[in-house]
Every structure is written in structure tokens, then in C-alpha cells.
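Okay, structure first, notes after.
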Amino acid sequence: MSTLEWYLWVAAALLGLACVRLLLARDPLVRLIAINVAGSGSLLVLVALAARTDPPDPVLHALVLTGIVITVAFTGVGLVLLRRAEEAAEAPGEDGAAGNGEGP
Amino acid sequence: MNDPSALLGLVVLGPLALVLVTGVLPERWLPPVGLAGAAGTSAAALVLAAHVGRSGPVGHDLAGWGPPLGIVLRADGLSALFLALTALVGAGVTVYAASDRAATGDHPRFWPLWFAVWAGLDAVYVAGDLFNTYVALEVVGLAAVGLVALGGGPAWGPALRYLFVAVLGSTLLLVAVALVYAQAGTLELLAAGERLASSGWDSRWAAVLVVVALGLKAALVPMHAWLPPAHGSAPTAVSAVLSALVVKAAFFVLVRMWFWVLGPEPVLAVVLGLLGALAVLWGGVLALAQRHLKQVVAYSTVAQMGYLFLLFPLTSAAAGDPEVLRAAWGGTAALVVGHGFAKASLFLSAGTLKSVYGTDSLSELARVVRPLPSVVMGMGVAAVTLAGLPPSLGFAGKWQLVVASVGSGQWGWAAVPIGGGLLSAAYLLKPLTVMLREPQDRARPLPESRSASLRVRYAPLLLALVPLVLGLAGPALPDLATTGGPPGGGP
């Protein structure tokens, strides 16, 4: 098995395991972490493919950087939503539907 | 503008600039600025679409940087069709949102998020390479999640679930893009397609990844369960945009990858067609079972998206017959446009009723003595398109799909548009009957909890009338959809 194949298999395993966890877990925090792991798996595919040439392929590295930015962005959005959803669930009576058509 | 290629940049950068502007302006300025911005964006997109329709595809390298590191923009007939749909439906929804604060979740952040979705959609349609397609789709997804969250407490859970689905779809799409790049050595759409075709690469696994990734985002059965809660709990204007436009972007990318990059896969095409047929059936049955108007409309999106996936088996069985290909593409184009307008209209109608009477439960709405006549009229007209009655685009689209299935000798697929039409008539007539019947319990009529402005009452009706008129436009839509058609796969 070449180094490239080894890393591609690791990436595929990460992606596969993370997808299973994402689909089976109930806890939203676990799911958010699972999807981060899946993202790492997909970025590992890109990094492994970039290392096929010497020097490594700059285009794929540029894609990985963009991918990391996107990962940070959705993780942030996800954490805020998670907090909000849990706070709304913990406060019975306060349905949190602020301005959902009932505003003045 | 003399140079149409500058418009390619404008349709993306225009709304992107509006994201920044509407993000910092004081709240009372937002509706007028939003309206003006929407008018400008729509005008640019329509001029671009008209230019593509007249003189064929246009392309542009942003700032003169070509591939591989520059951003290549390209618009062909299919892009023009989706750009024009986004422009017109987007303008209609913006007018509604500017007239009624409640339709935006009563939140000023609606405006930057909505323009981010608009910029992302336009970027998906004019992206000339795979990575920009991925980034643009991600922009649409993240902004759309934010828009759903404007619905407040009940919407936060569904928004989170939508985020998971959207990001999982993007992750799988990114892997598929990486596989294509590893094989073709380029991310540019057309060049990658040509190199893959000449290399004889077995693209089956990449195609499976792409189908799962975009099936998730387009809510193809059985990956649809996230859509009704997200679209149903979002504020009115948001539901309209998500159901009419955002799910279409995922379908557009699937079509691009399938016909332009990977090349059709006959077996997978039949699987997609069967899932589409299942969506029409299952989405329709679930829509029939709903007790809340917005949920009926949301499940109808699951069903209506199903028809679009018939494009894959119909073109793959066409064996290069130009008549069949034209019918399949034309029919799909008509259904995309028809559903876009009709669904936006239905969600605005449902939202108007919910906001005026304080509920969208069908049994509660049955207590209304005479619900807003123009709104109910709009629902009826939209139902004509969705059920596929003449002279609407829904009828033209389904007719052409039937022609394509008969012409290619695959009679079975013809059952889907015909049977699906009956089912959609059933689930749309159920709420309409509730609106039109005299309330049985006259003692407890449901009062109006707030009044609706003129624009709010007539915007849904105007949107619903568009596909009815466009149904009379004849071959204009198939002509546009097939301008600069796919290499090998189209006419």
C-alpha cells in the first residue's frame, strides 16, 4: 500500500465513521462534532491528493484553506443555534417566538 | 450595458455589496434600500438572461485571472433560466417582505441574510468551476440556516437540523470535487468534463457521492425529512425563498455535475427517476395528511421536486433523439419555473393567513367567515399550476415529460406526472375547500387579529399569475433551457 493510498483510506474511514455517528446520534453537540470530523476527513482527501506531486499541488492546498474557513463558519453558527435551541427547550412557557407575527 | 460579461460579476457582487450595506444601515432604511437593491439585482440578472437567450453563452474571468487560481464566471441557457427565476421570484418576495415586518421574523438581520442567499444563488448559477460551485452552495446553505433561525424558538431546532444536512451534503460534494480534480487535473467545469470523457474514467462512485450530496440538499426522498420542519417554522418570506429557490440550486448543481462533468450513468439515472417518483407519491400522501397549511405547502415541495428528477432517466433513454431530449429539458425547465412562482405564492398566502388570523391550523381557519378573497384567489391560481392544469406552466411541463417518456419508449415514467397531478390537486383542494366553505359553527367566527396591507394581500396573487401567463409563451422556455446545452447529453 502506497502512502497516498494509506492516507486516502484513513480519510475514507474518518468520513464513514463520522457519517454513521452523525446519523445515529441524538445529542446535537455530538452531531456537530461528528460533522467536524467528517469535514476533516474530506480535507484529508484533498491534502493527500495534493501530495502526489513534488512540490505539492498549490490549488488543492488553496481549496483546503477555504474548506477550513467554511468549517469554522458553520461550527460557529451551529454552536450558537445549539445554545439557543437548548435554552428555548429549558424555558417552558417562554416559547421564544419573539415577533413571530404577534408583534405590535 | 455594452459588455454583458460585466453583468456576470454584477449579479453576484451586487447582492454581496447589499449584504454589507443592509448589515450596517439603521432599521428604518432597510425596506426601501432592500427594494431598490432587489430591483437593481433583478434588472441585471434579467438583462444577462435575455442576452444569453439572444446570443448564446457568455464567460468572464474576474479581474483578468484565468484558471486555475482565478475565478471563472460563465452563463449558458440553463444558468439564464435559473437566474431569471431567482430575479423575478426574489423581487416578488422582497416586495412582500418590505411591506410586512412580521414576514421577516420581525428582525432587521433578514435583509443581509436574504441578500447573501441571493448572491450565493446567482454565484451557483454563473460559477464556471467546481470549487466556486461548492463555495457558493455553502454560502446559500449557511445564510439559509440563518434565515430559518429568524423564526424564533420553535425554528431553532429545525434550523440546526438543516445545518447538519446542508453541511453533510457540502462535505460529500467536496470529496466528489476532489475526485474529479484528481482525475481531470482541472476544476474548470467544461475542461474537466472533456478530460473525464476522453480518459474513460469510471465516474460511478463520484456520481453516487454527488447524488447523495445534492439529494440531501434538494430534499430528494428518502433524504427529505429535514425540509418540512425547516420550511414550515421559518418566517413567511423565508419559507417562500427556501422552497421556491434554494432547493432548486442543489438540483441545478446536480444537473451541472451530471451532464457537464461526470457524464450520464444509465443505472443511477433510473434510481434517481424512481426516487423522484417515490417523492411525488410519498410527499403527496404526507401533504394530504397535514393539518396545518404551511406544512401542507412544505410537503408539497418534497412532492414537486420529485418531477424534476425524471430528467435523468428520460434523457438517458432518449438515445440522442433530439425531439425527446428537447421535450425532457423543456418539461423540466417549465416545472422548475412554474413551481418556483407557484410555491413562493402559496407560502406567502399561507403566511398572510397565519399572520392575519393568528393560526394556520386548517380546522381553526375553517371558522373564518370570508378569508381575504385576493389571498384565497392566489392560492387557487397557484394550485392550478402545481396540479398541472392548462394553460399553466405546470401543464406544459408535465405534458412535455409525458411526450418525452412516450417518445423514448419508456411509458412507465408517464404515470408519474399524470398520477402526481391528481395527488397534488387533492392536497391543494383540501385547504381551498376549508377557505371557500361557509363555516359550520357560525357562533364562533375567527376574527382578524391584525390587518394586512394592500401589497401583502395582492403580492401572492401576482406571483401565482406569472406561470399561468408564461404557459402561453410557447417554445421560449425550452429554447432558453437548451441554449449552449450539455456536451453530448442535450440537443
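Because the structure is a prediction, the values reported are computed rather than measured. Chain A is the first sequence line, chain B the second, and so forth, proteins listed ahead of strands; every chain is numbered from 1.
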Handout entry: chain A interface, residue from B/Leu168, B/Val135, B/Val177 that has the most non-hydrogen pairs under 4.5 Å
Key = B/Leu168
Practice task
State which residues pass ring-ring contact (aromatic ring centres under 6.0 Å, His included) with B/Phe164; sequence neighbours excluded, sorted by chain then number.
Solution key: none
Handout entry: Part of B/Leu142 lying under 4.5 Å from any heavy atom of chain A
Key = side chain
Practice task
Spell out the residues in residues 7-22 of chain A that have some non-hydrogen atom less than 4.5 Å away from a non-hydrogen atom of chain B, in order of number; otherwise answer 'none'.
Solution key: A/Leu15, A/Cys19, A/Leu22
Less than 3.5 Å apart, which donor and acceptor atoms pair up between the side chains of residues 35-51 of chain A and the rest of the protein, not counting sequence neighbours?
from    : atom 1 : to      : atom 2 : distance (Å)
A/Asn36 : OD1    : A/Thr75 : OG1    : 3.3
A/Asn36 : ND2    : A/Leu32 : O      : 3.2
A/Asn36 : ND2    : A/Thr75 : OG1    : 3.2
A/Ser40 : OG     : A/Asn36 : O      : 3.0
A/Ser42 : OG     : A/Gly39 : O      : 2.7

Fill in the blank from the handout: Closest non-hydrogen atoms of A/Leu81 and B/Ala149, given as atom of the first, atom of the second and distance, are CD2-CB, 3.7 Å
Completion exercise
Looking only at B/Gly146, B/Ala166, B/Ala182, the option with the highest number of non-hydrogen pairs under 4.5 Å against chain A is B/Ala182
Problem - Beyond-backbone contact of B/Tyr181 with A/Val59, side-chain heavy atoms, under 4.5 angstrom - result: yes
Handout entry: Partner set under ring-ring contact (aromatic ring centres under 6.0 Å, His included) for B/Tyr96, not counting sequence neighbours
Key = none
Exercise for the section: Give a yes or no on whether A/Arg84 atom CZ has more than 12 heavy-atom contacts from other residues, nucleotides or ligands under 6.0 Å away. Expected result: no
Exercise for the section: May I ask you to name which of A/Val77, A/Thr71, A/Ile70, A/Thr66 has the most heavy-atom pairs under 4.5 Å with chain B? Expected result: A/Ile70
Handout entry: Which of B/Val139, B/Leu163, B/Thr236, B/Leu179 touches chain A most, by non-hydrogen pairs under 4.5 Å
Key = B/Leu163
Problem - Nearest non-hydrogen partners of B/Gly157 and A/Ala85, listed with the distance - result: N-CB, 4.2 Å
Exercise for the section: Please report the closest heavy-atom contact between A/Ala88 and B/Gly153, naming both atoms and the distance. Expected result: CB-CA, 4.4 Å
